[in-house]
**Student:** 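This is the structure, below, for whatever I ask next.
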Amino acid sequence: MNLPLLRRVASTRLFCLLLLLPLGAAAQTPAASGPDAAGTAAAPQVELDGAATGPARFDIQLEAPATIQPFLLRHLDLQRYRNLQDLDGSELDRLLIAAPDNLRDLLGTQGHFSPQISVGREPATPGGAAAPALGTVRIRIEPGPITSVASSNVYFRGDIANAEAAATQRETIQRSGQQAVGQDFTQAGWGRVKSDTLRLLTNERYPRGRIVNSLSDIDTKANAAHWHIELDSGLPVQIGTVRVEGAERYGTATVERLVRLAGLRPGADYSLTRLQDAQQKIADSGYYTSVFAYVDLEPGDDPATEAPVVVQVKEAQLQSVVLGVGGSTNNGPRLSAEHKHLRLPVIGWQALSKLQLERNDQQLSSDWSAPIEDDGWHWLAGGRMARQIDDDTTVSSLRLSAGKAQASALLDRRYFLQFDRARTVNTVSKLASSDGNDAAISANYGWTWRRFDTLPYPNRGYGLGLTLGVGMTLGGVRQPFVSTQARWLGYWPLDPVTEVLDDLLTIGQAPDKPASSSRNGRLALRLQGGAVLADADAPIPDTLLFLTGGDTTVRGYGLRDIGVVQPDGSVTAGRYLGVASFEWQRPIWRNSVRTPWESVLFVDAGVVTNQTSQVDAQLGVGAGLRYNSPVGPLQLDLAYGVDAKRFRVHLNVGFSF
């Protein structure tokens, strides 16, 4: 369907064209105190065409609603001339004649097309107090009613107009355009709808798509805007072969396999989402320090030819050593050393070995992983020796595991065999609560399901993780046991009720909405539970049991402070775990611009017990700040442990689920 032909309209209808705002220096504006408060522009020192600058030649007094006053003072053309030292009164009067038109253009970008504007100048008083030589320009504005978006229509040309395979894409594009209906008109909003519409076209099947016509039709009588966008998709693009550039040491097989696993097989439709997924998979493989993937859209002689996927990589060193110094509120100072080998002799696996020394935790570990296979699975093996000190208890442990895993953006799966041995000693009495033979072997299966809109800064969506294990204790007493753990994390933006209902109706589907810019922020709910089912006298290693408390569990308590309380006051691991955390995360705004900072209010609760009939949850409440840094969320919280009756500071970096 094509756009309607342009036609002559009555004087009460206007066509809103793209307005380029002046790029002069922005004026500093004091906060307005009411809807009709007056604003006085400060005197910035600017240069225009090399002219000398100095004190302002005239003041500007603007009476306008507070919602538009800062915008007008920032972009008003008069601001560009205030510091011209050779500006005289007659030149200023000529500028004032053009000022109403400039103001109407500015107001039109904010949806006000019927304003009442008065502009005048009061000369400086001779012999009066120090004032600009050319006096004061007084501007009074009644912006009139604001225009709202009455309709938003998208029309299609090219293959997408009739292709059955593109039906869902057409509906998505049209639905996206309709989201603006009912909102106040702004030039920025009009531009955003056009860019979002084009993005939805070019992200799937049609990367050569373009906007061929766009029209914002303003009815000033009805204060309504009617938007029209015409898209030309061109021919669809199918994926061809994979071309890897820069691969020498590690070959090209892994890169080609990861591209196919992302869904970019020869003959598949182009997808920017899948291309980005492939790029992320290749970067996460560990073999490369940089990865750039794109589809070569040069058509050659035949535009219908399949487009090759080009992957440019920079290979990492075969071996590397990283020394680290850090700390945490849980464990104090930390020293660490890591050695990474990307291709072990003979077997060709990766190996990451790590030594970490903290006040209460010391750990030596080595994790090995095989190259990924054609089905997306790969073998894993690892070992860990650790010593863990909790108040009067010291646990020395050994863990060995081997299995296979498969990871994707939405779902991770893993099955593995695991051997655990642990010895627990009371540091004060030097008595062992285990004889050194508390050991077990278990077979485990786990999966993690993620449906977040964006990472690492989710605004809506949820994640669910489950692990189930069946095992047998070893040593003098052999008894079976079952272990299970579950994790849930959900986000709900505080949007209008209709959007919340939409979220409830789409549970189980990947969120397709953009991150909300609501000043109300979002609610976050985190739940965690675990259980080890076995006879009461089964010697389960403590490393398979539960403790909680600390930065990422129950704030207001130290690391692993919450467990089963013994008669002597010490805390030991238990067979049942329950943790809940509820947060209100609210973005911090400044001058109507969202900053990377957020404020947080939270309530945490956790319990560890050996008897489900004895549940006494411990509470923590507090507030904190979040900073959305390039490496992930930086979290700083001050929490009060209700049962511990003390305050604690908690620091954590990053998002993981």
Side-chain angles (χ1 to χ4, degrees), residues 323-338 353-367 382-401 418-440 485 528 530 532 539-577 579 604 606-610 618 620 637 639 641 643-653:
L323 303 178
V325 178
S328 69
T329 53
N330 278 334
N331 256 334
R334 177 175 63 248
L335 298 175
S336 64
E338 292 183 2
S353 301
K354 183 175 182 180
L355 172 65
Q356 183 167 301
L357 303 176
E358 295 181 289
R359 180 178 57 204
N360 294 326
D361 286 324
Q362 296 87 44
Q363 179 176 300
L364 175 64
S365 64
S366 185
D367 295 300
R384 185 188 71 182
M385 293 189 298
R387 186 175 70 164
Q388 173 182 306
I389 302 173
D390 297 309
D391 294 330
D392 297 336
T393 302
T394 300
V395 179
S396 302
S397 63
L398 169 67
R399 171 170 291 177
L400 303 174
S401 63
Q418 182 170 292
F419 169 80
D420 287 272
R421 180 184 295 276
R423 177 179 174 83
T424 304
V425 176
N426 187 295
T427 311
V428 177
S429 64
K430 306 299 182 183
L431 295 177
S433 59
S434 62
D435 60 6
N437 293 319
D438 277 2
Q485 293 189 56
Q528 182 181 359
V532 176
I540 307 295
D542 279 4
T543 49
L544 292 176
L545 303 179
F546 304 106
L547 290 165
T548 191
D551 298 341
T552 59
T553 55
V554 184
R555 288 159 290 189
Y557 300 84
L559 179 65
R560 301 186 296 268
D561 272 0
I562 300 175
V564 179
V565 181
Q566 302 300 306
D568 61 0
S570 62
V571 174
T572 61
R575 297 193 176 190
Y576 299 96
L577 166 71
V579 173
D604 296 344
V607 61
V608 174
T609 182
N610 283 328
Q618 301 191 51
D637 298 319
D643 295 87
K645 294 182 173 57
R646 61 172 298 182
F647 285 94
R648 281 185 178 270
V649 175
H650 296 274
L651 179 65
N652 189 54
V653 179

**Student:** With a 3.5 Å cut-off and no angle check, do the side chains of Thr553 and Gln528 form a donor-acceptor pair?
**Tutor:**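 No - no donor-acceptor pair under 3.5 Å links their side chains.
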**Student:** Is it true that a side-chain atom of Tyr557 and a backbone atom of Asp643 form a donor plus acceptor pair closer than 3.5 Å?
**Tutor:**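 Flag set: sc Tyr557 to bb Asp643 pair under 3.5 Å.
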**Student:** How far does CZ of Arg384 sit from CG of Asp420, to the nearest 0.5 angstrom?
**Tutor:**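 Reported to 0.5 Å precision, the distance equals 8.0 Å.
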**Student:** To the nearest 0.5 Å, what is the distance between CG on Leu364 and NZ on Lys354?
**Tutor:** 11.5 Å
**Student:** Mind running side chain to side chain contact (heavy atoms under 4.5 Å, CB included) on Arg423 and Leu398 for me, showing each step along the way?
**Tutor:** CA-CA 9 Å; Arg423 177 179 174 83; Leu398 169 67; over 6 Å; no
**Student:** Can Ile562 and Val607 be said to form a side chain to side chain contact (heavy atoms under 4.5 Å, CB included), step by step?
**Tutor:** CA-CA 7 Å; Ile562 300 175; Val607 61; 5.8 Å; no
**Student:** Kindly give the heavy-atom pair with the smallest separation between Gly558 and Arg648, and that separation in Å.
**Tutor:**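 Heavy atoms only, the tightest pair is N-NE, 3.2 Å.
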**Student:** Ignoring hydrogens, what is the shortest heavy-atom contact between Ser396 and Arg387? Give both atom names and the distance.
**Tutor:**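 Minimum heavy-atom contact is OG-CG, 4.1 Å.
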**Student:** Compare every heavy atom of Asn610 with every heavy atom of Tyr576, then report the nearest pair and how far apart it is.
**Tutor:**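 So the minimum-distance heavy-atom pair works out to CE1-O, 3.6 Å.
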**Student:** Indicate the atoms forming the closest heavy-atom contact of Asp438 with Pro539, along with that distance.
**Tutor:** OD1-CB, 3.5 Å
**Student:** Rounded to the nearest 0.5 Å, how far does OG1 of Thr394 lie from CD1 of Ile389?
**Tutor:**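 Separation between the atoms: 4.5 Å.
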**Student:** Please walk me through it: do Ser397 and Gln388 pass side chain to side chain donor-acceptor pair (under 3.5 Å)?
**Tutor:** CA-CA 8 Å; Ser397 63; Gln388 173 182 306; over 6 Å; no
**Student:** Decide yes or no on side chain to side chain contact (heavy atoms under 4.5 Å, CB included) for Leu577 and Thr548, but give the supporting numbers first.
**Tutor:** CA-CA 8 Å; Leu577 166 71; Thr548 191; 3.9 Å; yes
**Student:** What pairs with Glu338 under side chain to side chain donor-acceptor pair (under 3.5 Å), at least two apart in sequence or on another chain?
**Tutor:** none
**Student:** To the nearest 0.5 angstrom, please state how far the CG atom of Asn360 sits from the CZ atom of Arg560.
**Tutor:**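 Rounded to the nearest 0.5 Å, the CG-CZ separation comes out at 7.0 Å.
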**Student:** Report the distance from atom OG of Ser336 to atom CD of Glu358, rounding to the nearest 0.5 Å.
**Tutor:**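 Going from OG on Ser336 over to CD on Glu358, the span is 9.0 Å.
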**Student:** How close do Gly563 and Leu547 get, counting heavy atoms only, and between which atoms?
**Tutor:** CA-CD2, 3.7 Å
**Student:** I'd like to know if the side chain of Gln363 pairs up with that of Asp361 as donor and acceptor (distance under 3.5 Å, no hydrogens or angles considered).
**Tutor:** no
**Student:** Test side chain to side chain contact (heavy atoms under 4.5 Å, CB included) on Gln618 and Val554; report intermediate values, then the result.
**Tutor:** CA-CA 8 Å; Gln618 301 191 51; Val554 184; 5.6 Å; no
**Student:** Just verifying a value: how many Å separate Asp542 CG and Thr393 OG1, rounded to the nearest 0.5 Å?
**Tutor:**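 It is 8.5 Å, given to the nearest 0.5 Å.
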**Student:** Does Asp604 use its side chain to pair, donor to acceptor, with the backbone of Arg555 at less than 3.5 Å?
**Tutor:**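 Answer holds: yes.
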